[in-house]
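To start, the structure itself, in structure tokens.
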Amino acid sequence: MKISFINKQIKDIESDLEIILLKNHKYLKVNDLFIKDTKFYVKIANFKHYTLTKTFTNTIQYISKINKYKSIKITLYGISDKKLQALIDGLILGIYNFTKYQSEVKNLKLQDVFIANEDYKNTQLSYEKIKMKIENLIIINTNINLVRDMINSVAQDTTPIKISNWIKEEVKNTDIECIIKDNSYIKKELPAFYDISKGSINKPRLVHLKYNENKGYKKIVLIGKGVTFDTGGISLKPSAYMYDMRLDKAGAVTIFGIIKSIHDLKLPIEVHAMLGFSENMISNNAYKPGDVIKTRNGKSIEIMNTDAEGRILLADLFEYSQDKIKQIDYIFDYATLTGSVSGAIGQYSAGLIGHNTQLKNKMIKASNKVDEWYVNLPFNRYFFEDSYKSAIADFTNIPTSSIGGGTIMGGVFINNFLKNKYKNKWLHIDIACVAFIKNSWKYHEFGATGFGVKSSINLIRRLTKTGLIKKDGI
Ligand code: BES
Ligand code: ZN
Ligand code: ZN
């Protein structure tokens, strides 16, 4: 399905069907939709952002269900900037369907959605400007659907090697550089990452994606947990909590979506994305409770629970990234780190942790503007010493002497691997609650949401606008 913004009035565009939103109509009930000849009437309660998003989602889903029309057209209905997003999100995220594993998939007849250049609220904006806004939204949403596809794909199809190759393929003809490091490199350079991966015959991979290196822009490092399946290891998960653990690669896949969008939008910032792919399996070679393992920089961790593997992977990725990349301006990590985040904040938001209140607030503001939600979780780095006490090693991998606050404690653990100079430049985002859902809401059906791409892009856009353009001041 292709969305095009046409510099014509709606009456001058040829298509099979015209979408008409009706607000005040005596006989129709809200959300009623019906088709008469070439007109598709949709009764809408109001023109608020959320209602518009839902309406466009329902409309496009209805049209794809009927599967009869090749092209549709719509005007801008007096909407403006944020509501333009409602239209494009509703159309692209709303029509997403994960059909990879179905034997009979109908071909979508709908090929073209034409948006007429008519009735835009901000009449000052030229056709070119609105077109650019629409194209940018299309880029981001298309990448979100790719992220959804990757997360939804099952573990046997997204082993560390397979998902790394898929990502390599996606960036093949772009300006993103893709370096993939194999098992023996990981063993030498990221020993803790290696240890948590030992139990699987599907060997780990480290994917380092780079964009705009050495061009004088400020630098952001994105770090992602990519556990392609999390059985819990020897500390095995109960079945009911295990079957959907293909979602545990969401952090790494999300940051792939972010760097790809930054590239496609040509944002002026240097980005490094560090994706750690590993399968947490149970086998006679798996790491065990009671083992003591060492991180890249020699810190020893006593394993109390092999299911807390993500933080160990992140520990090594943090140390590695800070060693290899100089003078970092921002570090964001995305991870499905703790099951307890859902209990704390529900399924619609991500948990946000960091030292820098201003930066956190910026993220919260930037995300709200694009319809994503972050909850600020309080953070105290001194919780670490009291909680992660080990009798034999430097520390443990789960709290031994405190209870509760699992998500905060996860953040407190990985903070330990961050150099002091980067404390204020870091955001930790726990997406265990929101990355993958079982109840549909808004434009999300069962499965991966693709959460995080939109908000990070908006934040990075804002950061690049406010002085963060070129180091030399251009
Ligand atoms: N991958 C899980 C977290 C998770 C749970 C993500 C549910 C998505 C949905 C993670 O590796 C894990 O198991 N964490 C443990 C940590 C605990 C042992 C301290 C958890 O949350 O129970
Ligand atoms: Zn786990
Ligand atoms: Zn995990």
Side-chain angles (χ1 to χ4, degrees), residues 100 146-172 176-210 222-234 237 242 244-260 272-283 285-287 293 295-296 306-321 324 333-337 431-432 435-436 448:
K100 186 167 174 175
L146 175 58
V147 166
R148 285 164 150 190
D149 267 347
M150 287 181 166
I151 299 172
N152 282 330
S153 293
V154 301
Q156 83 216 48
D157 292 335
T158 55
T159 60
I161 294 179
K162 286 184 182 170
I163 187 89
S164 305
N165 288 340
W166 186 354
I167 287 170
K168 190 174 170 193
E169 197 56 35
E170 292 292 341
V171 301
K172 199 168 64 187
I176 298 175
E177 196 184 330
C178 175
I179 301 156
I180 300 181
K181 302 291 191 190
D182 68 6
N183 192 37
S184 56
Y185 182 89
I186 293 169
K187 185 173 184 183
K188 209 166 88 216
E189 297 277 337
L190 301 104
F193 176 2
Y194 173 82
D195 280 332
I196 62 146
S197 316
K198 276 190 326 186
S200 177
I201 53 163
N202 296 312
K203 293 301 166 209
R205 288 292 182 272
L206 168 67
V207 181
H208 181 174
L209 301 169
K210 296 179 187 176
L222 303 169
I223 297 176
K225 168 180 173 184
V227 173
T228 58
F229 195 79
D230 184 8
T231 62
I234 305 284
K237 281 183 186 296
M242 197 201 290
D244 57 0
M245 275 301 138
R246 67 179 189 275
L247 72 82
D248 215 20
K249 59 187 176 305
V253 173
T254 302
I255 67 166
F256 159 69
I258 297 170
I259 192 172
K260 172 126 191 328
H272 295 260
M274 297 291 192
L275 293 66
F277 289 114
S278 169
E279 195 175 51
N280 188 17
M281 285 296 282
I282 186 162
S283 83
N285 201 34
Y287 80 131
I293 65 174
T295 68
R296 172 183 171 83
T306 59
D307 198 11
E309 82 298 339
R311 60 195 68 192
I312 302 170
L313 167 62
L314 289 180
D316 256 359
L317 285 176
F318 271 54
E319 288 183 344
Y320 179 81
S321 306
K324 296 285 176 193
D333 75 83
Y334 275 86
T336 48
L337 205 67
I431 52 170
F436 195 96

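Computed from a prediction, not measured in an experiment: that's the story for all the values here.
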salt_bridge(K203, D182) N-O dist < 4.0 Å: no
Does [X] have more than 12 heavy atoms from other residues, nucleotides or ligands lying within 6.0 Å of its [atom1]?
X    : atom1 : result
K187 : NZ    : no
K168 : NZ    : no
I179 : CD1   : yes
K188 : NZ    : no

I need the [X] [atom1] to [Y] [atom2] distance, nearest 0.5 Å.
X    : Y    : atom1 : atom2 : answer
L190 : I312 : CG    : CD1   : 13.5 Å
I234 : T231 : CD1   : OG1   : 8.0 Å
I163 : R205 : CD1   : CZ    : 13.5 Å
L209 : L222 : CG    : CG    : 9.5 Å
Q156 : N202 : CD    : CG    : 10.5 Å
T158 : I167 : OG1   : CD1   : 10.0 Å

Donor-acceptor pair, [X] side chain versus [Y] backbone, under 3.5 Å?
X    : Y    : value
D316 : F193 : yes
S200 : N280 : no
T336 : I431 : no
Y287 : T306 : yes
D230 : M245 : no
R296 : E189 : yes
S197 : S278 : no

Side chain to side chain, [X] and [Y], heavy atoms closer than 4.5 Å:
X    : Y    : answer
L317 : L206 : yes
E170 : M150 : yes
F256 : L146 : yes
Y334 : I258 : yes
F318 : T295 : no
E309 : K225 : yes
F229 : D248 : no

H272 and H208 aromatic ring geometry - parallel, tilted or perpendicular at 30°/60° bounds: tilted
Which heavy atom in [X] sits nearest to a heavy atom in [Y], and how many Å separate them?
X    : Y    : answer
G226 : L313 : N-CD2, 4.0 Å
A435 : A250 : CB-CB, 3.7 Å
S321 : I223 : OG-CD1, 3.7 Å
K249 : R246 : NZ-O, 2.7 Å
A252 : L275 : O-CD2, 3.4 Å
V147 : G257 : CG2-CA, 3.6 Å

Step-by-step salt bridge (Lys or Arg N to Asp or Glu O under 4.0 Å) determination, D149 to K100: CA-CA 9 Å; D149 267 347; K100 186 167 174 175; over 6 Å; no
CA sep, side-chain torsions, deciding dist, call: F436, N152, side chain to side chain contact (heavy atoms under 4.5 Å, CB included): CA-CA 9 Å; F436 195 96; N152 282 330; 3.7 Å; yes
Side chain to side chain contact (heavy atoms under 4.5 Å, CB included) assessment of V171 paired with I259: CA-CA 10 Å; V171 301; I259 192 172; over 6 Å; no
Reference residue P160; test side-chain contact (heavy atoms from CB on, under 4.5 Å); the match among N183, I180, T228: T228
